[in-house]
Every structure is written in structure tokens, then in C-alpha cells.
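All residue numbers in this chain count up from 1 along the given sequence. Predicted model, so just to flag it, every value in this text is computed and none were measured.
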Amino acid sequence: MSRKMTFLQIARLTLFVLMATSTVSSALAWGPHPRITRAGAEILPADEPVLQFIGNDLGTLSTCSWMPDQTWNDEIIRIGDSRCWARDFVFMPGVPSVGHCYPEVTRAYEPIFRRTVQALQTETPTNALGWLGSLIHLTEDTGAPPHALRNLGPYHGRLENYVDAKQIKIPGYQPRLLGSTEDEALAGYIQRMQQLREFSIPRAKQLEPLAEKDDRAAMEPLELECALECARAVADVLHTLSVVGLKPLADHGSLKGTITGTTAAADPSMVAKIMLLGTRYSTLSNPQGEYAFRNLPPGQYEMAVVRPGFLPAKATVTVEANRPTSQDVELTTTSPAGNLLRFSDFSVCWRSSTFPDGWWQQRCIPPTSVDDKPQPGWCSERVIVKPGTKYCLTVEWCDGAEANVAIAWFPADEHHPPRLSVPLSAGKTTLVIESPEDCKKAAVVLFPPPTTPNAALKYVSLTPVDASL
């Protein structure tokens with residue numbers, strides 16, 4: 001059976017790309033996320049340890065409370081002077097791609113809570129802000145009326161945006177300590193989330209018929225009650241993290257260094273991601289390439305580093321108890337230069353031991369399907385592209401590979417489906433094509449799938465044409 005595609009079949013494959021990365025419209029978000037976060041933080045004293053650790057930067061903390069929504073929308077964010085992918089604050093081993101509504105959100109409680117504690121114990125304040133924002137976002141979504149009821153219908157936006165953010169204040173609230181150890185705090189956090197949802201459910205049920213009538217005046221008081229309880233939960237979480245997240249760890253070591261390399265044309269302002277393979281430890285460098293870990297357990301680690309425009313790199317380092325360790329890493333520029341894909345040679349398997357990082361198996365309608373039954377396919381992480389700019393897709397195939405590779409162009413308006421380029425079939429190595437004028441993001445699509453993408457590909461790059469010359 002032939003695996004070559006017709007243009008009609010390319011159009012049918014759009015279903016795959018639509019499902020390749022979940023998106024959340026701005027209308028489908030707990031509108032006052034930043035205000036809820038600030039209200040919960042403002043009632044804590046200025047010497048609260050977790051606030052002192054982040055320099056009492058409530059503005060950045062409030063902004064970071066959007067983090068998982070920005071992750072779903074593949075946004076580049078700025079924390080301090082660092083530019084990075086929002087997805088790097090939920091991307092780690094043991095965390096499935098989960099929704100933010102009940103019951104899916106419950107699967108994220110344990111890994112994100114523990115990872116936030118880990119960030120406070122081992123990383124810089126800048127990196128910890130990103131993880132704090134992720135945990136706070138999931139906390140607030142738990143109490144958002146439509147999320148508590150798992151209402152994904154047409155009135156989802158009304159159910160969580162009809163609230164005056166200026167009224168979200170909880171003066172006099174005394175935050176609760178959810179536990180004195182990490183395990184106790186996690187159990188207390190899960191119980192607190194159940195209580196938060198139970199608080200929102202009856203109010204959400206009252207809101208649903210009002211949302212259908214678009215009776216904002218009647219809806220606002222009920223939504224405000226939910227927002228205020230979310231703020232109280234945020235205060236509880238921050239207070240608890242002050243106790244369990246900043247305890248000194250005896251007989252641990254530190255690791256720091258600098259990630260260097262000739263400036264790549266991809267995006268020199270994007271920071272590097274550093275991962276310790278076989279663990280959940282990771283961090284981001286600063287714009288100068290400097291990174292640091294505190295409180296690492298002693299032992300030998302294999303470190304992997306990725307950054308747009310460079311090949312992934314690895315280094316082995318030994319951390320000793322109560323001693324500082326240094327490890328610099330020099331990155332090699334990709335060929336062709338300026339590759340936007342961080343995981344281009346499939347050499348890093350940190351998130352999963354069964355498939356390479358930066359690629360996700362999804363469902364698609366393959367070109368040979370007679371009954372249009374969806375089958376698995378693979379999609380890379382999205383990258384930012386400039387509208388009306390020529391890009392070069394370059395592929396190095398494995399021997400005997402039978403597959404197709406194409407570029408998926410994502411419009412700026414997330415409500416419109418992506419468009420696929422003419423595909424490269426096995427044996428063909430380059431494709432130059434101009435990005436549509438209304439598209440700002442792109443991904444590489446592999447179909448029909450082998451067991452893993454590295455079973456068909458040795459290397460793939462997506463580069464601006466000027467950078468690849």
C-alpha cells in the first residue's frame with residue numbers, strides 16, 4: 001500500500017495537527033488568575049520565607065500564574081531578564097499531558113506539588129517563580145466554577161470571567177499550614193483541593209442557568225465567592241511552601257556552570273534548559289548561560305543541555321556532599337545553522353525512556369485510510385516563526401525508512417486549523433517553503449509513524465533560509 005500523499009490527503013491530516021498540541025482560548029481561562037494570586041500573597045507578611053526567596057516579586061508571581069495556559073498555547077515568556085518556553089515549567093518525567101478540569105487536573109497535583117518544592121530547594125528564584133506559577137494555576141483552576149463541574153460547553157468563558165477583579169481581596173485571612181513535611185503537605189494540599197472544589201460546585205450549578213441567559217449581574221457575586229476561596233487556597237499553599245520548600249538539606253552538594261557556544265541564528269535570547277537524566281532535576285540558565293543547582297543529593301549525574309540553534313549536548317558530573325561542583329558545557333551550532341528545534345537529533349530521552357524528548361505521539365487520519373479512522377502519528381514541539389518568511393526543512397533519514405515529513409503552519413488565531421506543507425517522503429532531504437502571512441508558529445509532523453520518530457529520522461531541522469545558507 002502506497003504511503004505517498006495527495007493534496008486531499010494532506011488536508012485530511014489536518015485533524016492530526018489540530019490534536020497535536022492542546023490549545024486554550026483566552027476566553028476559556030479563569031479570568032482573574034493574576035488578581036487571585038496577588039490577593040493570596042498580599043495577606044502574608046513580607047518576611048514570609050517563600051516571598052523573601054522570590055524577592056517579594058508579587059508582580060512576576062501573579063504573571064506566572066498563567067503558566068499552564070501559556071504552556072498549552074506554546075508561548076515564550078519572560079521571567080526577569082530570561083526568555084524561555086512556558087512548557088518548560090510542566091515538562092518533566094512522570095507528568096502526563098493533563099487537562100485543567102476535574103478529574104484530569106487531579107493527576108497533576110502530586111508531580112507539580114513535589115516539583116515546586118524541589119524548585120524552591122534546588123533552583124534560583126527565577127526558576128522557582130515558574131514552578132510556583134504552575135502550581136498556583138492548577139490550584140486556582142480547581143476552584144474555577146466551570147472547571148469544578150467540568151463544564152466545557154459554550155458558556156465556559158462566562159462562568160469564569162464575569163467577576164470584578166478589583167473586589168478579589170481577603171484581608172484578615174489567616175493561612176492554614178497544610179503539613180509540616182513534604183508528604184504531609186502533599187496530602188494536605190490534595191485535601192484542600194477537594195474542599196475547594198466542593199466549595200465551587202454548588203455555586204457553579206447556580207451559575208449555569210444564569211450563564212445561558214447571560215445574566216452577568218446575577219453571576220458576578222457567585223463567581224466572586226469562588227475567586228475569594230481560590231485566593232485563600234493560594235495563601236494556604238504559599239504559607240505551606242514556606243515551611244516545607246525552603247528547609248536546608250544536610251549532606252547535599254551544589255552544581256553550577258556556564259553553557260557556552262557561538263551565537264546561533266535561531267534565537268540567541270532564548271535560555272538553555274539543563275536536565276539531569278534519570279531524575280526530575282532540571283533548571284534553566286540565565287541569558288548569560290549561567291546555571292546553578294543547590295541541595296543536590298551526592299552522586300554521579302548525566303547532564304543534558306538543549307537550546308535553539310545548537311545540537312543537544314551531554315556531560316557527566318559527580319556531585320559531592322557539602323562541596324560545590326562546577327561543570328561548563330560548550331554547545332555545537334547546528335548544521336544547517338539556526339535550527340529552531342531544540343531536540344533535533346533525538347539524543348535526549350529525559351521525560352520518557354521510551355521515546356525522545358520534544359516529540360509527542362498523536363492521532364491522525366493517515367493518507368491510506370479508507371474509513372478515516374484515526375491512527376497514531378508524531379509531532380514536534382511548536383516553534384515561533386515569522387509570517388511571510390522562507391524556511392528550510394532538512395531531514396536525514398534512517399536506512400529503509402518509509403514515512404513522510406511536513407511542516408504544520410499554525411495561524412495566529414488559534415480557532416483556525418493549521419495548514420500542512422507539501423510533504424517530504426523518505427529519501428528526499430530538503431524542502432524550502434514560505435510561511436503563510438497569518439501564521440506565527442510551526443511544527444514538524446511525521447506520518448505514518450514508526451514505533452518512535454528516531455526509527456525513521458536521524459536528524460531534522462527547521463531553519464530560516466537566510467540562516468541556513
Side-chain angles (χ1 to χ4, degrees), residues 1-23 72 74 87 96-97 339-349 351-352 354-385 391-411 414 416-436 439 441-463:
M1 187 177 292
S2 173
R3 294 177 183 255
K4 294 184 180 297
M5 296 187 72
T6 67
F7 286 101
L8 177 60
Q9 290 164 342
I10 292 172
R12 291 164 55 202
L13 189 67
T14 296
L15 176 63
F16 158 51
V17 185
L18 277 169
M19 301 178 68
T21 305
S22 299
T23 60
W72 283 23
D74 296 287
R87 70 172 70 99
S97 177
N339 189 3
L340 300 173
L341 302 178
R342 298 185 297 177
F343 302 96
S344 54
D345 66 359
F346 311 100
S347 62
V348 179
C349 295
R351 184 173 182 264
S352 170
T354 58
F355 60 87
D357 290 349
W359 290 80
W360 287 268
Q361 193 171 25
Q362 304 293 340
R363 307 291 292 181
C364 68
I365 297 177
T368 55
S369 175
V370 175
D371 57 3
D372 286 352
K373 185 177 180 180
Q375 299 293 330
W378 289 91
C379 185
S380 76
E381 61 181 9
R382 294 189 200 178
V383 296
I384 304 298
V385 294
Y391 288 86
C392 181
L393 175 65
T394 303
V395 176
E396 183 178 353
W397 295 92
C398 294
D399 294 339
E402 294 186 23
N404 298 279
V405 177
I407 304 172
W409 304 110
F410 291 83
E414 297 281 353
H416 288 82
R419 295 189 288 277
L420 297 184
S421 72
V422 174
L424 278 176
S425 55
K428 297 181 180 179
T429 57
T430 59
L431 171 69
V432 175
I433 190 168
E434 185 172 309
S435 59
C439 290
K441 297 173 186 175
V444 175
V445 179
L446 172 68
F447 54 90
T451 305
T452 57
N454 54 319
L457 305 174
K458 296 179 181 179
Y459 179 80
V460 61
S461 70
L462 183 63
T463 60

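In this structure, CG in L420 is found 11.0 Å from CG in N404, a value given to the nearest 0.5 Å. Note that the CD atom of Q361 and the CG atom of L446 stand 10.5 Å from one another [nearest 0.5 Å].
Side-chain contact between P356 and P453 is present, with heavy atoms from C-beta onward closer than 4.5 Å. Between I407 and I433, the closest side-chain pair of non-hydrogen atoms falls below 4.5 Å.
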For this session: Show your working on side chain to side chain contact (heavy atoms under 4.5 Å, CB included) between V444 and L341 and close with a plain yes or no.
Result: CA-CA 9 Å; V444 175; L341 302 178; 3.8 Å; yes
For this session: Check the pair V385, L340 against side chain to side chain contact (heavy atoms under 4.5 Å, CB included), reporting the backbone distance first and the verdict last.
Result: CA-CA 9 Å; V385 294; L340 300 173; 4.2 Å; yes
For this session: Begin from the C-alpha positions of S435 and Y391 and carry the test side chain to side chain contact (heavy atoms under 4.5 Å, CB included) through to its verdict.
Result: CA-CA 7 Å; S435 59; Y391 288 86; 3.9 Å; yes
Exercise. Between L462 and V383, does a side chain to side chain contact (heavy atoms under 4.5 Å, CB included) hold up when you go through it step by step?
Worked result: CA-CA 9 Å; L462 183 63; V383 296; 4.1 Å; yes
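By the ring-ring contact (aromatic ring centres under 6.0 Å, His included) test, F346 pairs with W359, sequence neighbours left out. For L431, the side-chain contact (heavy atoms from CB on, under 4.5 Å) criterion is met by L393, S421, L424, not counting sequence neighbours. T430 pairs by the side-chain hydrogen bond (donor to acceptor under 3.5 Å, both in side chains) definition with nothing, not counting sequence neighbours. Under the side-chain hydrogen bond (donor to acceptor under 3.5 Å, both in side chains) criterion, T429 pairs with no residue at all, not counting sequence neighbours. Taking T451 as the reference, nothing meets the side-chain hydrogen bond (donor to acceptor under 3.5 Å, both in side chains) condition, with sequence neighbours excluded. Residues satisfying the side-chain hydrogen bond (donor to acceptor under 3.5 Å, both in side chains) test with D357, not counting sequence neighbours, are none.
Across every non-hydrogen atom of W397 and A403, the tightest pair is CH2-O, 3.7 Å. In terms of heavy atoms, W409 sits closest to C439 at CB-SG, 3.6 Å. Shortest non-hydrogen contact noted between E381 and W360 is CB-CZ3, 3.6 Å. Heavy atoms only, all atoms of each residue included: N339 and Y459 are closest at ND2-OH, 3.4 Å. In terms of heavy atoms, P449 sits closest to W378 at CB-CD1, 3.3 Å. When all heavy atoms of P450 and A456 are compared, the pair lying nearest together is CG-CB, 3.8 Å.
Under the 3.5 Å distance criterion, with hydrogens and angles disregarded, no donor-acceptor pair is assigned to the side chains of T463 and S461.
A salt bridge is absent between D74 and K441; no separation between the charged side-chain nitrogens and carboxylate oxygens falls under 4.0 Å.
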